[in-house]
Amino acid sequence: MEVILLEHVEKLGKMGEKVSVKNGFARNYLLPQGKALRATEANLAVYEKQKADLEARNKQLFEEASKLAESLKGYSTVLIRQAAETGQLYGSVTIRDIAAAVKEAGFAVERRQVFLDKAIKDLGVYQVKLNLHPEVSQTILVNVARTEDDAKKQAKAYENN
């Protein structure tokens with residue numbers, strides 16, 4: 001299915017581009033989220049009329065994300081979890097846990113903005129990427145420890161490496 005992107009979509013294209021995607025991706029994600037329009041002559045005319053507004057909205061979102069990224073620079077959070085003597089967690093730390101900790105600290109970060117390859121299952125300090133905007137991302141540190149004292153020791157060891 002051919003669609004016209006109404007905003008920058010990572011790994012797909014920039015705003016205004018006409019791209020070909022699978023039908024299900026367009027119907028289930030791009031169209032309902034308002035990220036794209038079907039590539040028809042009528043929709044192309046609609047896009048041209050809205051182009052200035054869409055670019056202004058995208059610029060505003062980009063600036064807000066840039067400010068948030070700047071305020072998150074150097075940010076780290078500590079998550080206290082129970083773990084075995086080997087350092088393996090009894091549960092895992094997921095995207096939801098990280099997003100909640102960042103939001104609790106006063107930053108406007110949603111769960112879908114946190115990028116984690118796989119769930120964290122061991123104690124330690126991890127770098128987690130936040131995709132705040134398709135063109136803006138920031139890396140934060142997540143320190144998973146048993147106690148506050150252990151977290152301080154892990155942070156100090158991480159800084160020395």
Side-chain angles (χ1 to χ4, degrees), residues 3-19 21 25-26 28-39 43-44 46-81 89 91-145 147-148 150-161:
V3 295
I4 304 165
L5 296 177
L6 298 178
E7 62 183 58
H8 180 91
V9 178
E10 197 169 348
K11 298 181 183 174
L12 187 59
K14 296 192 182 294
M15 184 173 72
E17 289 183 6
K18 188 186 286 187
V19 294
V21 296
F25 183 60
N28 297 327
Y29 179 70
L30 293 175
L31 298 175
Q33 297 275 330
K35 295 180 184 286
L37 291 172
R38 291 180 193 265
N43 283 343
L44 193 58
V46 168
Y47 170 74
E48 289 301 325
K49 287 180 185 175
Q50 294 178 345
K51 188 174 182 179
D53 293 337
L54 292 170
E55 286 176 348
R57 187 175 134 249
N58 187 43
K59 185 177 181 188
Q60 178 189 4
L61 292 173
F62 176 79
E63 289 171 357
E64 289 172 6
S66 297
K67 288 178 188 173
L68 182 58
E70 190 63 35
S71 65
L72 280 167
K73 190 175 259 180
Y75 174 77
S76 65
T77 185
V78 176
L79 297 175
I80 305 298
R81 296 290 188 266
L89 297 177
S92 63
V93 175
T94 61
I95 289 170
R96 180 176 282 137
D97 298 328
I98 295 167
V102 174
K103 191 176 272 189
E104 201 173 283
F107 297 103
V109 174
E110 296 176 27
R111 195 172 80 215
R112 63 182 170 81
Q113 294 175 319
V114 178
F115 179 74
L116 197 59
D117 288 332
K118 57 185 182 203
I120 298 171
K121 297 186 179 222
D122 295 309
L123 296 174
V125 180
Y126 298 90
Q127 291 186 350
V128 177
K129 183 179 175 186
L130 301 178
N131 294 323
L132 305 172
H133 184 270
E135 300 164 14
V136 178
S137 64
Q138 184 61 267
T139 303
I140 63 169
L141 293 178
V142 176
N143 189 343
V144 183
T147 64
E148 289 289 334
D150 288 348
K152 290 175 185 172
K153 290 176 189 173
Q154 286 177 180
K156 195 172 281 186
Y158 181 81
E159 289 171 7
N160 292 337
N161 287 341

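The figures that follow rest on heavy atoms only: side chains count, while hydrogens, waters and symmetry mates do not.
Looking only at side-chain heavy atoms (C-beta outward), L130 and I140 come within less than 4.5 Å of each other. In this structure, the side chains of L6 and L37 come closer than 4.5 Å at one or more pairs of heavy atoms. Taking the side chain as every heavy atom from C-beta outward, L116 and V93 never approach each other to under 4.5 Å. A heavy-atom distance below 4.5 Å is found between the side chains of L132 and L72.
Between Y75 and A101, the shortest heavy-atom contact is OH-O, 3.7 Å. Between V3 and A26, the shortest heavy-atom distance links the atoms CG1-CB, 4.2 Å. The minimum heavy-atom distance linking A151 with V78 is given by the pair CB-CG1, 3.5 Å. Listed here is the closest heavy atom pair of S92 and D97: O-OD2, 3.5 Å.
For the pairing with Y47, the side-chain contact (heavy atoms from CB on, under 4.5 Å) check across Q50, K51, K49 returns one residue only, K51.
Atom CZ of R81 has more than 12 neighbouring heavy atoms from other residues, nucleotides or ligands inside a 6.0 Å radius.
In this structure, the separation between NZ on K18 and CZ on R38 is 14.0 Å, given to the nearest 0.5 Å. Between atom CD of residue Q127 and atom OG1 of residue T139 there is a gap of 6.0 Å, rounded to the nearest 0.5 Å. Atom CD of Q113 sits about 9.0 Å away from atom NZ of K103, to the nearest 0.5 Å. F25 CZ to L12 CG: the interatomic distance, rounded to the nearest 0.5 Å, is 5.5 Å. Atoms CD and NZ, on Q138 and K129 in that order, are 11.0 Å from each other to the nearest 0.5 Å. Note that CD1 of I4 is 12.5 Å distant from CG of L30, once rounded to the nearest 0.5 Å.
When atom types are taken as modelled, the side chain of N160 and the backbone of A157 share no donor-acceptor pair closer than 3.5 angstrom. One N or O on the side chain of Q154 and one on the backbone of V144 form a donor-acceptor pair closer than 3.5 Å. Not a single donor-acceptor pair under 3.5 Å links the side chain of D150 to the backbone N or O of A145.
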Q.
One pair to check against side-chain contact (heavy atoms from CB on, under 4.5 Å): L141 and N143. What are the steps and the verdict?
A. CA-CA 6 Å; L141 293 178; N143 189 343; over 6 Å; no
Q. Should E64 and H133 be marked as a side-chain contact (heavy atoms from CB on, under 4.5 Å) after you check the CA-CA gap, both sets of side-chain angles, and the distance that decides it?
A. CA-CA 9 Å; E64 289 172 6; H133 184 270; over 6 Å; no
Q.
Please evaluate residues V114 and V128 with respect to the criterion side-chain contact (heavy atoms from CB on, under 4.5 Å), reporting the C-alpha separation (whole Å), side-chain torsions for both, the decisive distance (0.1 Å), and the verdict.
A. CA-CA 7 Å; V114 178; V128 177; 3.7 Å; yes
Q.
Test side-chain contact (heavy atoms from CB on, under 4.5 Å) on Y29 and V21; report intermediate values, then the result.
A. CA-CA 11 Å; Y29 179 70; V21 296; over 6 Å; no
